[in-house]
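So you know, we letter chains A, B, ... as the sequences are listed, proteins then strands, and number each from 1.
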Amino acid sequence: MTRVVITGMGVVSPLGHGVDRLWAALCNGDDGIGSISRFDTTGFAFQQAGQINQMPPLPASIQAEQLDPANHFVLAAVDQAVNAAQLNVEPAIAADTGVVLSTNFGSSAAGERFLAAAAEGEKGTAVDFGALSFQHCAELVKNQYGLGRLGTVLSLSCTSGTAALGYGFDMIRAGHAKAIITGGYDALSRFAWSGLSVLRTMTKDKVRPFDKNRAGTIFSEGAGAIVVEDLAHAKARGATILAEVLGHALNNNAYHMTAPAKEGAGTAAVMAAALQDAGLEPDSIDHINAHGTGTKHNDVTETQAIKTVFGEHAYRIPITSIKSMLGHTMGATGSLEAIASVMSIRNNVIPPTTNFEEPDPECDLDYVTNEKRETEMKIVLSNSAGIGGCNAAVILGEAEK
Amino acid sequence: MHKKHKSVAITGIGPVTAIGIGREEFNTALRENECGLDGVTSFDTTPYACKNAAEVRDFDVEEFLESQKTYLDRTAEFALAATSLALESADLDLGSVRKDLVGLSVGTAFGCLATMQLFFSDFVKKGARLVKPFLFPHTYSNTAASLLAIEYGLTGYHANFAGSSAQAIAYGVDLIRSGKATVVLAGGYESLNETLFAGHDQSGLLARGDDISTCRPFSDGSEGFLLGEGGCMIVLEDVEHAKKRGAPCLAELSDVAMAGSAELIVPETDGVDCVVAAANGSRQQDAAEAAMIRRVADGVPIYSVKGLIGETLGAAGALQIASAAALLELGYVPPSPGLGGDITEERELDMQRILANSVDRAGNVISFTIDRPS
């Protein structure tokens, strides 16, 4: 069976751009939440978000001023990942390379301009309309690097980033490609905010995953890019291997559009399926980077699901939620959490779940609260869930020495 | 014959199109060469240069529902109807199979665009306080995928491509080959609405005016394509699993080739008897596909269904496969409406293998070889 490894990563986040900057901020327990200035928040019930205040640098060949913010995030994160991987897409290997992105809202600033014009009975522009097809962002990446394989965009609500990584992994295992740039992204927009504000999942307090007084999540924006590659291909070109992708799964609760399934059945099933895909026993997992949104329901059902799958071992697995610092970066969350997981493996450090004050009797596992923890680890599971009952899990392992 | 991978059985096909709802109606309409393109009736086309599309008419989603719904976007309606029809065609009782081994892999280019517009229009006109909360979960690209999972209790592999059903079907094939699923409900859907029509009209991609003959696949004289709507779900099944339950095998999907452009694609084309082309009347895209066909399957008859059902975007890849399966079953290549350039006359033809092409908005090309069941 083809083995698949990670050879490059890129980050655009409210806690800074670049993998190292994000990692330092996470380990330090920094707070990425602030006031929204991207759009006028008059009339909205929630005014706080993890906003990107300083746009990330782009390759010189890209005209930044014409870019939708979401596309800007993606192109910047992807460029970091491609540079880190030292992946030079020569024409000879173009046909073996592709891009897999995933998002909830796509290039929403441009897309919502078209919708706003139509609402007023006016004609929007063709360019803005093009943004309503999420595929156009993959097309930008494909053209920027001369990738010959498919430009794919998945949309699986807040499992999107994890799904992109898993699907890229599957594409390589199935022999469709040798190297794939995967990435999850989303940007703050009026469209997203008008919907997310009425979903009854956000809080005006801090995000306090697994805390008894947790009151909800806060949505954020960003992009994470991860280059996955056939191990043999990576070795042959002398690439630095950051970690190995060992298994993944995607499923659905098949229960309700917005309510979580009872006792986290779907989350348990997706973690079990990822373990099966990786050919691993539950007790091989050293750390879980949880979805941990900070909502009442998510954190308790995710805790229950971890107990279902891991039994007694559940109490021995250190768990964290970086959403306490980053907020919930929507389509980017799975990518950024996978990147944090890789950094945990490489540094033997688990970043903290901040804002934790009071333990919840229903959330009684080993959460790494308020301060980072140093611990040896080889294999990490990263979990995601999303609206519509989507679940995803990916298992990452130490690079072969 | 050289074969790298195991074939996957196609045991059910559920098309919802302007020319027919359900496999029998669809196949008959292809045989009869019925055209679904007509003046748009669901909204006023006065502001637009284009006037035509292939609308699904006389469609009532309630005929296909397992339970009543409080709200459905038209795209989700097509998804639910196509899935119901595909399961019926496959004679598949989901109660009799392991649900966790039933995958769902679907695609849609613009998802629930009509509901996005409805939801956001309230924001624009009335403000953030007066949006309708119940509409928001129905605006996602993967709304229909979630509704399908809920409707049929599909707890297995789950993927939604914000693009095309061809990508979704290709992933479905991989899920069966890798043993992650024994059955995959794969396909896609797209609905026509004024926002979709206005955007395409503004982009200058559509054939203009009242006359539908300005849309002519593979023709130098074509002025663009015309939109269609609908959905199509396909039941992909492990061949052994299908045999064991005595399922009707409608066709076999023997291979998939994918590339970022028509210039790069090299599908396995041994013994191809016919090509169901993706050509829709866009001159540049059609020319690239014609060059690809000349390179890999020169001289075989070419069929294009888009002159009947329009460009159905996210639904198109699945409908290409439904068309290929229909031609294999009919033993007949119908005349291709509007086809210019390398056209072929209609003919009776005993075919073993058809190459079904799909091209999406991002220029991705996916080719499937569809074989007569062995």
Could you walk me through whether A:N252 and B:L154 pass side chain to side chain contact (heavy atoms under 4.5 Å, CB included), step by step?
CA-CA 7 Å; A:N252 191 282; B:L154 305 172; over 6 Å; no
Whether A:T125 side chain and A:D128 backbone form a donor-acceptor pair below 3.5 Å:
yes
Among B:R177, B:R129, B:M116, which residue has the highest count of heavy-atom pairs closer than 4.5 Å to chain A?
B:M116
Segment of A:A118 engaging chain B (4.5 angstrom heavy-atom cut-off):
both
Can you tell me which residue among A:N104, A:T103, A:L154 is in a side chain to side chain contact (heavy atoms under 4.5 Å, CB included) with A:F134?
A:T103
Heavy-atom pairs under 4.5 Å with chain A - which of B:H138, B:Q167, B:K99, B:E263 has more of them than the others?
B:Q167
Does the separation of the ring centres of B:H200 and B:Y48 fall below 6.0 angstrom?
no
B:S165 side chain to B:G314 backbone, donor-acceptor under 3.5 Å:
yes
So what's closer than 4.5 Å to chain A heavy atoms on B:S178: side chain, backbone, both or neither?
neither
Chain B contacts, top residue of A:Q276, A:H256, A:H136, A:R200 (heavy-atom pairs, under 4.5 Å)
A:H256
So for A:S197, is it side chain, backbone, both, or neither that comes closer than 4.5 Å to the heavy atoms of chain B?
neither
If you count heavy-atom pairs within less than 4.5 Å of chain B, which of A:A249, A:S160, A:A174 leads?
A:A249
Region of A:R173 that comes under 4.5 Å of a non-hydrogen atom in chain B:
side chain
Region of A:Y255 that comes under 4.5 Å of a non-hydrogen atom in chain B
backbone
For chain B, which of A:A392, A:G389, A:G124 has the most heavy-atom pairs under 4.5 Å?
A:G124
Side chain, backbone, both or neither: which part of A:D170 has a non-hydrogen atom closer than 4.5 Å to chain B?
side chain
Scored by heavy-atom pairs under 4.5 Å with chain A, the best of B:L196, B:L205, B:T108 is B:L196
Need one label for B:Y157: side chain, backbone, both or neither, based on atoms under 4.5 Å from any heavy atom in chain A.
both
Chain B contact via A:A272 - side chain, backbone, both or neither, heavy atoms under 4.5 Å:
neither
Side chain, backbone, both or neither: which part of B:V256 has a non-hydrogen atom closer than 4.5 Å to chain A?
neither
Any side-chain heavy atom of B:L236 within less than 4.5 Å of one from B:L175?
no
Which atoms of B:N160 approach chain A - backbone, side chain, both or neither, heavy atom under 4.5 Å
both
Only pairs of heavy atoms separated by less than 4.5 Å count here; which of A:S133, A:A45, A:G388 has the most with chain B?
A:S133
I want to know whether A:F191 and B:F119 have ring centres closer than 6.0 Å.
yes
Below 4.5 Å from any heavy atom of chain A, which atoms of B:F161 appear? Answer side chain, backbone, both or neither.
both
Donor-acceptor pair, B:E229 side chain versus B:S191 backbone, under 3.5 Å?
no
Chain A heavy atoms under 4.5 Å from B:I366: which part of the residue, side chain, backbone, both or neither?
side chain
Count the heavy-atom pairs under 4.5 Å between each of B:N142, B:V131, B:L113 and chain A, then report the option with the highest count.
B:N142
Heavy-atom distances under 4.5 Å only: say whether B:K132 touches chain A with side chain, backbone, both or neither.
neither
Between A:N251 and B:T155, does a side chain to side chain contact (heavy atoms under 4.5 Å, CB included) hold up when you go through it step by step?
CA-CA 6 Å; A:N251 76 4; B:T155 53; 5.7 Å; no
Distance-only donor-acceptor check, side chains B:D360 and A:Q135, under 3.5 Å
yes
Side-chain donor-acceptor contact under 3.5 Å, A:E112 with A:S108
no
Which residue out of A:L199, A:N253, A:L101, A:T258 racks up the most heavy-atom pairs below 4.5 Å with chain B?
A:L199
Considering only heavy atoms, which portion of A:A163 lies under 4.5 Å from any heavy atom of chain B: side chain, backbone, both, or neither?
neither
Please assess B:D238 against B:K6 for the test salt bridge (charged side-chain N to carboxylate O under 4.0 Å, His left out), listing each intermediate value before the final yes or no.
CA-CA 9 Å; B:D238 176 75; B:K6 217 168 95 170; 3.0 Å; yes
Identify the residue among B:L135, B:D73, B:T195 that makes a side chain to side chain contact (heavy atoms under 4.5 Å, CB included) with B:L118.
B:L135
Would you please say whether a donor-acceptor pair under 3.5 Å links the side chains of A:H248 and A:T162?
no
For A:A269, is it the side chain, the backbone, both or neither that has a heavy atom under 4.5 Å from a heavy atom of chain B?
neither
Less than 6.0 Å separating the ring centroids of A:F46 and A:F219?
no
Contacting region of A:H176 [heavy-atom separation from chain B under 4.5 Å]:
side chain
